[in-house]
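Quick notes on the structure that follows.
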Amino acid sequence: MKMKKMSSLLSFLLILVLVFSLAGCKTQPVEAPQETPKEAPKEAEAPKEAETVEFPVRPINYILPFDAGGESDITARMQQQPLEGILDTSIVVQYKPGGGGALGWQELVTGIEPDGYNIMGSNLPHIILQPLVREDAGYETDELVPIYYFQATSNVLAVSKDSQFNTVDEFVEYAKANPGAVTLGGSGSYSANHLGVLVFNKVAGIETTYIPETGSGGAVPQLLGGHVQGLMTYTTMGINHKDDIKILAVAAEERVPSLPDVPTFKELGYDYVEGAYRGISGPPGLPDEIINILADAFAEVNKQPEYKKQMEEMGFEVLDFDPEESKELITDRKAYYEVILRDLELID
Amino acid sequence: MLEAIIAILDIKIFVFMILGTMGGIIAGALPGFSATMAVALIVPFTFTMDPVIGLATLGAIYTGAIYGGCYSAILVNTPGTPSSIGTTFDGYPMTKNGRGEEALHTATFASAGGGIVGVLVLIFLSIPLAKIALKFGPPEYFWMGIFGLTIIATLSSKSILKGVAGGVFGLLVSMVGVAPIGGDVRFTMGITQFQGGVEILSVLIGFFCIPEMLRIAGDLDQNKLEDVKVEKQTGVIKKALLNTFQKPMNFIKSSIIGAFVGVLPGAGGNIANLVAYNEAQRSSDDPDSFGTGNPAGVVATESSNNATVGASMVPLLTLGIPGSPTAAILYGALMIQGLRPGPELFTTNSHITYGFMFALLIAQFLILIIGLGVGKSLYTAVTLIPERVLVPSVLLLTILGSYAIRNNVMDVIVMFVSGLIAYTLKEFGFQAGPIVLGLILGPIAEKGFVQGYLMGKASGESLMIFFTRPISIVLILITIISASWPLIRIIKEKKRKGAEIS
């Protein structure tokens with residue numbers, strides 16, 4: 001009898017645990033659906049639109065279509081606190097990884113309410129290249145509604161500390177003499193690193209072998225272990241490992257603040273600018289008022305000196321593309337990539 | 001170093017670490033909730049903490065989660081994390097034999113012991129080991145994957161042919177999605193959701209848990225476990241201690257395997273536990289008892305997977321390379337704390353680094369204390385819950401767990417479909433182990449192969465690159481020995497029998 005009693009008690013406990021874990025699964029506090037609208041949610045600073053939308057009145061989900069720990073995640077974590085202060089609500093960072101981001105972006109354009117409470121990190125060139133090279137990426141580049149693009153990491157050409165190459169010219173000269181023999185590692189196929197190698201090959205008139213890795217972090221041990229002769233990687237990786245590697249040049253328009261001594265490829269006479277841009281997008285149909293509120297908030301974060309300083313120390317370039325400029329950036333880059341891919345016969 | 005020890009002896013750290021360990025254990029025990037997720041969830045709260053406290057808490061969570069995976073593996077045949085796949089092989093049969101509490105305590109001793117070995121490796125050997133790890137290039141990863149596949153022979157005791165077929169099936173499933181190298185989209189059957197591949201955790205849950213739950217559900221009249229045995233089993237802690245340390249070779253070998261696999265970027269507890277299980281069975285006097293509830297199997301898997309915890313920090317702390325998904329999150333956390341992962345951690349910030357290492361060591365003792373404390377009551381609880389409550393509860397948890405992995409409904413569907421496949425295959429005598437092995441090792445071997453092929457093409461060696469590098473040759477030899485071991489065993493037995501007859 002005693003046993004029976006105990007077992008029903010245990011069943012009850014188990015159910016309790018289940019209920020808790022269910023509640024724990026909710027990514028945000030349970031909200032009453034009909035929340036009484038609060039009167040003018042703070043910061044009524046000169047709204048651009050005649051009619052003010054009350055946004056945000058509940059927590060915002062900042063969804064990343066990648067795993068935790070990468071460049072996008074570090075940025076989101078850096079922005080989280082300042083954003084919470086500016087928007088006066090909590091920012092919940094979540095992850096929806098898979099397919100190089102495609103799973104997340106597919107969901108953004110097909111299954112997310114355009115109310116501004118779910119926004120997603122979106123990266124260039126990913127959102128351009130996936131729909132271009134995949135038969136069906138599950139979304140189209142233009143379906144994502146850009147809110148703000150806030151940072152970039154340019155490509156850098158890096159070799160190990162004891163490498164025979166000290167300048168880009170030495171590297172190019174050797175590669176010209178040994179077509180195909182020089183190996184360059186980088187993060188993934190159809191990434192900014194990959195396209196960068198292809199473009200650099202073309203403008204320098206050389207042939208190098210690109211050996212993709214899965215993720216930008218994974219490429220570094222390939223160089224340190226001597227399995228590749230160089231890396232086409234991002235500024236962030238270059239700065240992190242500056243004690244073990246030599247950075248020959250950066251593929252930016254101008255020198256980047258974190259690497260003042262490293263020349264750009266353009267300075268050296270190679271017309272090659274390439275990198276990854278990171279920003280935030282919303283689902284199709286997101287109202288302009290909400291886009292603007294969010295864009296202003298991200299712009300505000302970029303202005304905070306402490307944030308900017310720490311981001312630059314890590315190797316990020318802090319940039320500002322408002323919703324319109326972001327659209328232009330994407331259109332420009334899309335046209336640029338289409339030409340490259342067609343030239344290389346990677347797409348029809 | 002002394003400074004670091006003093007810094008860590010702070011009551012606040014202990015409180016956070018105890019909470020972290022418990023939270024980690026719960027996350028690890030829930031199928032689908034991995035160590036990575038538990039750490040990612042807590043990271044934001046550590047940004048405002050002192051770096052030592054923050055890192056200590058995260059380390060405790062990581063340790064707890066890898067250890068916690070043994071609970072669901074032993075009690076309901078579901079690996080809570082991929083690191084405890086092998087624990088189901090003998091842990092769950094022990095539970096069915098009424099020795100679940102002994103299995104849990106054995107896992108606790110083995111985990112804490114293995115964990116300590118891993119941390120000691122981190123403290124004393126990290127720099128030389130990091131150098132060796134860097135020597136592992138694409139061809140070596142390819143051979144490591146192939147070596148791992150030879151374990152199929154051990155895992156499929158009944159029929160090697162069925163084991164190989166299962167392994168190949170696993171390899172095929174691992175190819176669904178975007179190719180790791182090359183970026184081509186393969187075998188998605190027109191379902192764009194499959195671009196992300198088939199989530200291994202969903203498959204694990206489906207393969208191990210669903211068939212067992214269906215079996216229990218179809219067998220309700222019979223008492224799943226004999227309650228009498230629960231009451232009568234005495235001196236289990238002593239038994240568990242003896243299981244782990246009486247014949248220390250198994251424990252020592254498994255911990256070393258775990259520590260070494262853990263150091264390699266891209267390989268972790270998911271591989272270490274199966275390699276250690278394989279080695280334990282291979283070198284055992286009584287290999288046939290494995291899979292029927294031999295505590296040595298539990299010792300091997302649990303000591304090896306916890307040894308990977310400390311060891312996986314080696315590339316992160318010495319080189320600034322995140323070698324595992326969890327290390328990647330810690331990498332982000334260090335960056336945001338303003339600490340550059342890499343050599344600087346041992347010079348300017350050495351007090352933080354050594355503090356973190358000692359915290360990891362303390363975490364091993366915490367899982368020992370907490371594990372021995374809750375083991376009995378947990379086991380009693382699970383055995384006392386009536387099947388009609390247990391089965392639906394566990395099934396509900398599998399749904400929650402498989403959704404939580406990537407916040408993706410497709411993963412839940414995959415979980416159910418794999419469950420049904422596994423149930424059917426079991427009827428035909430196929431086992432889950434080899435299939436899962438193929439699924440885990442497929443991407444590693446494939447990536448190593450394609451990258452190695454590209455390297456060979458560039459250097460003009462073409463495929464010879466796979467046979468000329470020294471570490472590759474060692475791995476090839478190990479692979480050959482491992483693959484031919486079942487044959488050697490048969491020949492040995494025949495000889496022995498022949499000798500007995502004559």
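Below, chain A is the first sequence line, B the second, and so on; all start at residue 1.
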Applying side chain to side chain contact (heavy atoms under 4.5 Å, CB included) between B/L454 and each of A/T183, A/V228, A/I211, report the one that passes.
A/I211
Here the pair of heavy atoms bringing A/T209 nearest to B/A458 is OG1-CB, 3.6 Å
Side-chain contact test, heavy atoms from C-beta onward, threshold under 4.5 Å: evaluate it for A/D243 versus B/R340 and give yes or no.
yes
Side chain, backbone, both or neither: which part of A/I239 has an atom under 4.5 Å from a heavy atom of chain B?
backbone
If you count heavy-atom pairs within less than 4.5 Å of chain B, which of A/D244, A/I74, A/L103 leads?
A/L103
Side-chain (A/H227) to main-chain (B/L134) donor-acceptor, under 3.5 angstrom:
yes
Counting C-beta onward and ignoring hydrogens, is there a side-chain heavy-atom pair between B/I321 and A/L224 closer than 4.5 Å?
yes
Under a 4.5 Å cut-off applied to non-hydrogen side-chain atoms, are A/E213 and B/K447 in contact?
yes
Please classify the contact between B/T48 and chain A as side chain, backbone, both or neither, with a heavy-atom cut-off of under 4.5 Å.
side chain
Flag if over 12 foreign heavy atoms under 6.0 Å of OH, A/Y62
yes
Distance-minimising heavy-atom pair for A/P212 and B/I181:
O-CD1, 3.2 Å
Listed by chain and number, what are the side-chain hydrogen bond (donor to acceptor under 3.5 Å, both in side chains) partners of B/S472, not counting sequence neighbours?
B/E140
Taking every heavy-atom pair that is under 4.5 Å apart, which of A/H241, A/E207, A/E71 has the most such pairs with chain B?
A/H241
Heavy-atom closest contact (B/A40 atom, A/A68 atom, distance)
CB-CB, 4.3 Å
B/R406 with A/D67: basic N within carboxylate O range, under 4.0 Å:
no
Looking at B/G182, B/P322, B/G332, B/G342, which one has more heavy-atom pairs under 4.5 Å with chain A than the rest?
B/G182
Side chains of B/M335 and A/M78: closer than 4.5 Å at any heavy-atom pair?
no
Chain A: which of B/A333, B/P265, B/P325, B/P138 shares the most heavy-atom pairs with it under 4.5 Å?
B/P138
Given the options A/P221, A/G138, A/G98, A/G101, which has more heavy-atom pairs under 4.5 Å with chain B than any of the others?
A/P221
Side chain, backbone, both or neither: which part of B/F136 has a non-hydrogen atom closer than 4.5 Å to chain A?
backbone
For A/D73 and B/Y331, test the side chains for any donor-to-acceptor distance below 3.5 angstrom and give the result as yes or no.
no
When you measure from the side chain of A/Q222 to the backbone N and O of B/G137, does any donor-acceptor pair fall under 3.5 Å?
no
When rounded to the nearest 0.5 angstrom, what is the spacing between OG1 in B/T192 and CD in A/E107?
11.0 Å
Mind checking whether A/V93 and B/P44 have side chains closer than 4.5 Å, heavy atoms only?
no
Go through B/Q193, B/K131, B/K135 and name the one with the most non-hydrogen pairs under 4.5 angstrom from chain A.
B/Q193
With only heavy atoms counted, which part of A/M237 is less than 4.5 Å from chain B, the side chain, the backbone, both or neither?
side chain
Less than 4.5 Å to any heavy atom of chain B: does that hold for the side chain of A/Y210, its backbone, both, or neither?
backbone
One should read off an interatomic distance between A/K96 NZ and B/I405 CD1, to the nearest 0.5 angstrom, of 12.5 Å
Side chains of B/V178 and A/Y190 in contact at under 4.5 Å (non-hydrogen atoms)
no
Looking at B/F346, I want to see if its CZ is surrounded by more than 12 non-hydrogen atoms of other residues, nucleotides or ligands under 6.0 Å.
yes
If I compare all heavy atoms of A/Q310 with all of B/G338, which pair ends up nearest, and what's the gap?
NE2-N, 4.2 Å
Please determine, among A/S191, A/P179, A/A137, the option with the most heavy-atom pairs under 4.5 Å with chain B.
A/A137
Look at B/I329, B/I336, B/V185 and state which one has the largest set of heavy-atom pairs under 4.5 Å with chain A.
B/I336
